[in-house]
Amino acid sequence: METEDIFKKISGLNMSGLILLAARPGMGKTSFALNTARTVAEEKTAAVFSMEMSREQVSARLLVCAPSTENGRTHARNIYIDDTPTLSMSDIYAKCCQLDNLGLVVIDYLQLMTWNRSGENRYQQAVEISRMLKIMSKELNVPVLCLSQLSRVVEEREDKRPVLSDLRGSGPFVPEADIVLFLYQGCYYHEKIKKAI
């Protein structure tokens, strides 16, 4: 299913809201997020904060996401890419406040975000980060699309389709999220079974 089709089913991107996008590696969550950013950049600024990939890698992925009929660089000027490896919530908020005509914030990915305060365990940090993401979305009036990893437990059971309990370290984000999306490609697992046989 194409990115546009998915957002039609959930009534599109609202003016604000926290969206969790989760999947196991290889399911295409980064491509999905960048394709969404490219689409938003047709009219507004899309901010992509990548703590895993470099600016060059993100740019290369964006070119791959572009349809063959499109230049690929047409909307590049409307996409802000930050590849700082250790970003805190306050860093992201401050940078977003400086962007004009902001239409979307993409964070890749939740488990790599840092929290400014010391002395809190990871769960407490996640609770605070999720709360601040929700506040940022409302104050800036933009949707915030956060990528998340899924637990390896998915791989250990017969039915590989993800459920909420598979969100690794992201449980505190679920109550704050307006939408939780899972990407699942059944053909990926069928191919793995074929190769194993």
Side-chain angles (χ1 to χ4, degrees), residues 1-87 89 91-93 95-96 98-113 129 133 136-137 140-150 162 167-168 170 173 177-185 187-188:
M1 187 180 287
E2 296 294 327
T3 305
E4 291 81 0
D5 296 331
I6 292 174
F7 280 114
K8 279 179 186 175
K9 287 184 177 292
I10 59 174
S11 302
L13 284 172
N14 295 319
M15 289 303 293
S16 67
L18 179 58
I19 303 166
L20 289 186
L21 174 63
R24 289 292 296 152
M27 293 294 124
K29 62 182 178 292
T30 302
S31 296
F32 179 96
L34 293 181
N35 192 39
T36 303
R38 184 191 58 77
T39 302
V40 169
E42 293 175 11
E43 297 180 3
K44 294 187 174 184
T45 300
V48 177
F49 295 92
S50 177
M51 287 153 270
E52 187 174 38
M53 295 189 297
S54 68
R55 183 189 303 269
E56 291 73 24
Q57 288 173 310
V58 173
S59 298
R61 288 282 193 99
L62 281 165
L63 288 174
V64 171
C65 288
S68 56
T69 55
E70 187 182 288
N71 183 331
R73 298 181 188 277
T74 307
H75 310 301
R77 65 184 179 276
N78 290 332
I79 299 179
Y80 169 84
I81 302 171
D82 190 311
D83 61 356
T84 307
T86 53
L87 276 174
M89 191 59 245
D91 293 332
I92 292 174
Y93 183 79
K95 291 179 180 185
C96 286
Q98 296 174 5
L99 297 174
D100 294 326
N101 197 29
L102 187 61
L104 174 70
V105 177
V106 175
I107 298 173
D108 184 17
Y109 56 93
L110 280 177
Q111 285 81 5
L112 294 179
M113 286 185 69
I129 290 171
L133 284 168
M136 181 179 79
S137 173
L140 298 180
N141 201 30
V142 295
V144 177
L145 178 60
C146 297
L147 279 60
S148 175
Q149 289 189 340
L150 289 177
L167 283 164
R168 193 181 86 180
S170 304
F173 292 90
D178 296 285
I179 298 171
V180 178
L181 295 173
F182 292 117
L183 294 185
Y184 167 76
Q185 296 184 35
C187 57
Y188 171 84

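- In this structure, CD1 in Ile19 is found 11.0 Å from CG in Leu147, a value given to the nearest 0.5 Å.
- The minimum heavy-atom distance linking Val105 with Cys96 is given by the pair CG2-SG, 3.7 Å.
- Among all heavy-atom pairs drawn from Ala37 and Ala46, the shortest one is O-CB, 3.6 Å.
- Counting only distance, with no hydrogens or angles, the side chain of Asp83 and the backbone of Ser50 share no donor-acceptor pair below 3.5 Å.
- Considering CG of Leu145 and OG of Ser137, their distance stands at 11.0 Å, rounded to 0.5 Å.
- Remark: of the listed residues Ile92, Leu21, Val48, Ile92 is the sole one forming a side chain to side chain contact (heavy atoms under 4.5 Å, CB included) with Ile107.
- Taking the side chain as every heavy atom from C-beta outward, Gln57 and Glu52 never approach each other to under 4.5 Å.
- When the side-chain contact (heavy atoms from CB on, under 4.5 Å) test is applied to Asp82, the partners found at least two apart in sequence or on another chain are Phe49, Tyr80, Thr84, Leu87, Lys95.
- Residue Asp100 places its CG atom among 12 or fewer non-hydrogen atoms of other residues, nucleotides or ligands, all under 6.0 Å distant.
- Residues Ser31 and Arg61 approach most closely at OG-NH1, 4.0 Å, considering heavy atoms.
- With Asn101 contributing its side chain and Glu43 its backbone, the two residues share a donor-acceptor pair below 3.5 Å.
- Listed for the Arg38 side chain is no donor-acceptor partner under 3.5 Å among the backbone atoms of Leu62.
- Between the CG atom in Asp178 and the CG atom in Leu20 there is a gap of 9.5 Å [rounded to 0.5 Å].
- In this structure, OG in Ser59 is found 3.5 Å from CD1 in Ile81, a value given to the nearest 0.5 Å.
- Looking at Lys44 and Val142, their side chains never come closer than 4.5 Å, going by heavy atoms from C-beta outward.
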